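Computed over heavy atoms, backbone and side chain alike; hydrogens, waters and symmetry mates excluded. Everything numeric in this text was worked out from a predicted model, so none of it was measured. A, B, ... follow the sequence lines: proteins, then strands. Residue 1 opens every chain.
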Amino acid sequence: MSERAYGILLAGVGGQEAELAGELIARAAIEAGLEATLSTERPPSRHGGSAVCRVRIARGEIRTPFISPGEADLLLGLEGLESLRRIHEVRADGLAVVADRIVPTPRMRAGLEEPPADIPGRLRQAVARVVLLPLEAIFPVPREPAALAGAFLGVAACLLPIPAAAWDATAAREGIAWLEGLALGRRFFEAQPEDVRCPLAPRAA
Amino acid sequence: MQRKLRYGTAAIAQGAVESGVHLAVACPGEVASAVLAAAERGGLCCASAPSEKAALEMALGASIGGARVLVAVRSGGLESSAGALAAAAAAGATGLAVVLCDDPAARHAPALDSRAAARAAMVPVLEPADPHECRVMVGSALELSERFETPVVVRLTARLADSAGPVDSEPAVHTPPRGWRWRPPGEVPAGQRRAARAAAQERLAQLAGFAWDTPLNRMELRSPDIGVVTSGLLYGMVREALPEASVLKLGLVHPVPTGLVRAFGERVRRLFVIEEPEPFLEQELRAAAIACEGRDRLTRAGEVTPAMLRRAFHPSAPRHRQAAAVPERPPELCPGCPHRATFSALKRLHVTATSDQGCAALAALPPLSAVDRSPALGASVAVAWGLETVLGDRIAGRSVAVVGEGALLHSAAGALAHAAQRPGTVVVADNRLPGGEGSGGEWQGPGGGVHAPGGRRVDLRSLALSLGVPRVREVDPLDLQGTIEALRAELAAPQFSVVIARSPCARLWTDRRARARVEPSRCNRCGACLRLGCPALSDTGETMAVDAGSCVGCGLCGQVCRPGAIEREELR
Ligand code: SF4
Ligand code: SF4
């Protein structure tokens with residue numbers, strides 16, 4: 001069987017809810033009758049380390065929850081540096097939607113290291129389509145991590161074959177912040193140019 | 001039938017609920033706590049044990065009483081309690097499933113292979129391939145345990161515990177425990193011990209026969225060119241990387257079904273073994289004179305990745321894209337963590353600090369860099385004793401062991417009683433909430449005892465005194481100067497002392513009353529505050545800044561700021 005599977009990578013910093021956002025994408029897919037798996041690397045992210053969650057969604061069997069480097073269709077980057085760390089896992093013709101924020105590492109906070117220059121440019125070199133998600137424009141008032149992560153659900157909702165009702169029900173079960181984020185993320189992404197919003201073309205599962 | 005997305009750990013708990021498990025026991029630790037928390041949410045009677053050994057023995061007692069029991073063991077925990085597993089096997093424990101999690105990539109525990117420990121204890125091992133099988137194999141393990149009168153290990157790996165997939169559910173079975181089952185004690189005289197061993201060998205022989213046709217093992221014949229023997233979540237990875245290969249998927253990995261593998265090997269031209277982290281199956285097959293290729297093909301020990309399989313079997317496939325060089329983002333102590341304060345005090349005293357594992361070990365990372373050694377859970381007191389014994393005067397008065405309250409009860413209390421016989425200093429980091437809950441997760445160690453019915457908190461002062469410690473004092477580590485003075489006095493004292501550093505874990509103590517604020521006009525950018533390594537503090541280039549969202553107002557940074565630039569802002 002060679003079902004087509006979507007590979008979605010969520011990258012962020014511990015505490016930004018990347019793992020839970022991935023879980024909600026997978027739950028929405030299952031709610032819509034699809035197959036979904038996810039894999040995380042939990043322990044370091046509990047203490048503010050790199051957080052990553054890999055979600056696979058397909059109409060049929062998914063053999064493994066892992067996505068090989070260079071085979072993710074979509075990167076949802078909750079933070080710039082972590083997005084750069086994972087961008088090689090995305091297909092060259094894939095899509096990266098990345099928050100326009102950088103959370104400094106411990107060495108950067110201590111002034112021992114500078115953040116890499118031109119992160120958006122380096123992301124664009126790696127994948128065909130890069131969209132920067134302007135967090136402050138979308139959330140003029142500071143919001144909790146769940147709302148910000150919810151905006152990435154909104155982006156995923158525009159790209160994956162999952163009915164709106166499944167997204168809304170899944171986000172609502174997790175709380176109002178997720179639901180608000182979902183709506184704002186959706187609105188943002190729907191306003192993007194047509195060539196950016198074109199559907200993903202997944203690979204074999 | 002309901003389908004829900006579940007992590008491997010939650011699926012294990014679901015399987016336990018559906019299989020009518022009467023009691024779930026675990027010594028808290030990464031994966032074990034997750035299983036226990038999910039079991040508790042599922043309505044199971046749960047108990048927290050002070051150590052893996054105690055957990056296994058508590059489970060053995062319940063098994064002898066006729067109950068179905070699930071024991072969850074943290075990564076690396078079986079190796080320190082293998083004797084208890086062997087004793088449960090010798091006692092012919094029934095209805096006893098032991099869930100454990102190996103960590104082949106050594107992300108949060110040493111990359112041990114618990115199949116070897118289970119083999120030494122002569123206990124069968126099952127390996128689920130995905131969360132759905134996690135659920136199902138708990139039931140299989142309990143049935144096997146009852147049929148063959150042996151504990152059965154269900155082995156997960158960290159990536160399976162941290163993966164989720166759709167899992168079906170079935171109504172829970174509720175059967176009362178079968179009741180006390182008397183057996184002649186096999187543990188006492190040597191002759192009976194030998195008989196128990198012979199019985200265990202006989203059991204394994206029967207299980208090897210069972211392995212021939214159990215649906216736990218599955219032969220999938222496709223191309224005869226390549227045959228792969230594999231287990232666990234590597235099965236899915238192999239299926240994806242080598243869709244044409246024939247596969248023998250082992251659900252029962254010990255005893256190794258050599259007869260079945262031989263039959264499989266006769267149907268393929270080349271036989272490969274894909275496993276992690278050690279070549280356990282491969283060595284067993286070679287010992288049975290079955291020719292196979294394995295680890296040498298993948299070039300190294302440890303975790304097997306999809307990229308590794310691709311390189312090994314499709315050498316001409318295009319190379320994967322390389323990761324960009326990006327600054328590391330290591331894990332850190334949380335804002336307001338009392339360990340930061342304790343280790344800051346030790347650093348200022350220039351002592352050699354031997355630490356516990358867990359959160360405290362993070363104090364080893366820069367900029368705090370205050371831990372010299374953190375060998376294993378509960379090991380710090382004994383390791384510091386050894387260090388002080390050989391280095392004598394060169395280190396006297398300048399060595400401190402730090403042990404968490406849970407680790408003290410897990411395995412360090414005996415070492416503390418021993419160490420107390422001569423001068424020395426041990427810090428017990430007591431991060432429990434005033435009510436008793438411990439640090440590090442939802443399910444806590446014995447110090448907290450909140451989950452024991454009517455649970456009482458262990459009084460660490462009385463414990464230390466009863467172990468023969470002549471001097472015990474308590475400090476609030478967030479009072480930095482007070483802690484430094486107390487430690488200085490105890491290090492100079494002619495007798496052994498325990499300093500209980502009592503302050504709740506910042507993750508549990510969420511009742512924020514204040515936060516720090518930097519007054520830029522007074523900040524001279526000396527950087528003393530940054531050297532604490534608090535994630536809420538950063539250098540903006542002009543002054544220091546406090547992230548109001550993550551600062552919990554512990555007040556530590558204000559105490560190291562000589563010009564008094566860091567003020568405390570009451571929140572209400
Ligand atoms: S008070 Fe200072 S040290 Fe404590 S959490 Fe806030 S910034 Fe960090
Ligand atoms: S210790 Fe005080 S003066 Fe020095 S950098 Fe920190 S805030 Fe500024």
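- Contact annotation for A/Pro104: only backbone heavy atoms (N, CA, C, O) come within less than 4.5 Å of a heavy atom of chain B.
- There is no contact between A/Ala29 and chain B, counting heavy-atom distances below 4.5 Å.
- If you take CZ on B/Arg3 and CD1 on A/Ile30, they are separated by 6.0 Å, rounding to the nearest 0.5 Å.
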Checklist entry - Given the rule in the side-chain contact (heavy atoms from CB on, under 4.5 Å) test, do B/Tyr7 and A/Leu38 qualify, once you have shown the distances and angles that lead to the verdict? => result CA-CA 9 Å; B/Tyr7 279 97; A/Leu38 72 84; 3.4 Å; yes
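- Under the 3.5 Å distance criterion, the side-chain polar atoms of B/Arg329 are matched with a main-chain donor or acceptor of A/Val103.
- Between A/Phe66 and B/Glu240 the shortest heavy-atom distance is O-OE2, 4.3 Å.
- For A/Arg86, no part lies near chain B; criterion is any non-hydrogen pair under 4.5 Å.
- Heavy-atom minimum distance, B/Pro327 versus A/Met108: CG-CE, 3.6 Å.
- For B/Lys4, the NZ atom is loosely surrounded, since the number of other residues' heavy atoms within 6.0 Å does not exceed 12.
- For the atom pair CG of B/Leu5 and CD1 of A/Ile25, the computed distance is 11.5 Å after rounding to the nearest 0.5 Å.
- Among the candidates A/Arg85, A/Arg54, A/Arg122, A/Glu114, the residue making the largest number of heavy-atom pairs closer than 4.5 Å to chain B is A/Arg85.
- To the nearest 0.5 angstrom, B/Arg239 atom CZ is 14.0 Å from A/Ile62 atom CD1.
- Look at A/Glu23 and B/Arg6 and you find no salt bridge, because none of the NZ, NE, NH1 or NH2 atoms lies under 4.0 Å from a carboxylate O.
- Heavy-atom pairs under 4.5 Å with chain A peak, among B/Gly236, B/Ala324, B/Gly8, at B/Gly236.
- Looking at A/Leu123, neither its backbone nor its side chain comes within 4.5 Å of chain B, counting heavy atoms on both sides.
- Interatomic distance, CZ of A/Arg56 versus OG of B/Ser163, reported as 11.5 Å (0.5 Å rounding).
- The backbone N or O of B/Leu537 lies less than 3.5 Å from a partner atom in the side chain of A/Arg109, making a donor-acceptor pair.
- Residue A/Glu144 does not touch chain B at all, counting heavy-atom pairs closer than 4.5 Å.
- For the atom pair CZ of A/Arg63 and CG of B/Asp130, the computed distance is 13.5 Å after rounding to the nearest 0.5 Å.
- For chain A, no part of B/Ala105 is nearby; none of its heavy atoms comes within less than 4.5 Å.
- Between the CD atom in B/Glu328 and the CD atom in A/Glu113 there is a gap of 9.0 Å [rounded to 0.5 Å].
- For A/Arg187, the CZ atom is loosely surrounded, since the number of other residues' heavy atoms within 6.0 Å does not exceed 12.
- Contacts with chain B were tallied for A/Pro142, A/Cys53, A/Pro115, A/Ser39; A/Ser39 has the most, counting heavy-atom pairs under 4.5 Å.
- Proximity of a side-chain donor or acceptor of A/Thr40 to a complementary backbone N or O of B/Asp162 within less than 3.5 Å is detected.
- Taking all atoms of both residues into account, the shortest heavy-atom contact from A/Ala36 to B/Pro166 is O-CD, 3.1 Å.
- Counting heavy-atom pairs closer than 4.5 Å to chain A, the top residue among B/Ala545, B/Gly549, B/Cys337, B/Cys534 is B/Cys534.
- For chain B, the option among A/Glu31, A/Arg27, A/Glu89, A/Glu82 with the highest count of heavy-atom pairs below 4.5 Å is A/Glu82.
- Each of A/Ala26, A/Ala126, A/Pro116 has some count of heavy-atom pairs under 4.5 Å with chain B, and the biggest count is that of A/Ala126.
- In this structure, chain A has a heavy atom under 4.5 Å from the side chain of B/Arg310, while its backbone stays farther away.
- Of the atoms belonging to A/Ile87, it is backbone heavy atoms, and not side-chain ones, that fall under 4.5 Å from chain B.
- Across every non-hydrogen atom of B/Leu530 and A/Ala110, the tightest pair is CD1-CA, 3.9 Å.
- Looking at heavy atoms from C-beta onward, A/Pro106 lies out of side-chain contact with B/Pro366 at the 4.5 angstrom threshold.
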Item to check | Chi angles and distances behind the side-chain contact (heavy atoms from CB on, under 4.5 Å) call for B/Leu233, A/Thr64 | outcome: CA-CA 7 Å; B/Leu233 94 168; A/Thr64 170; over 6 Å; no
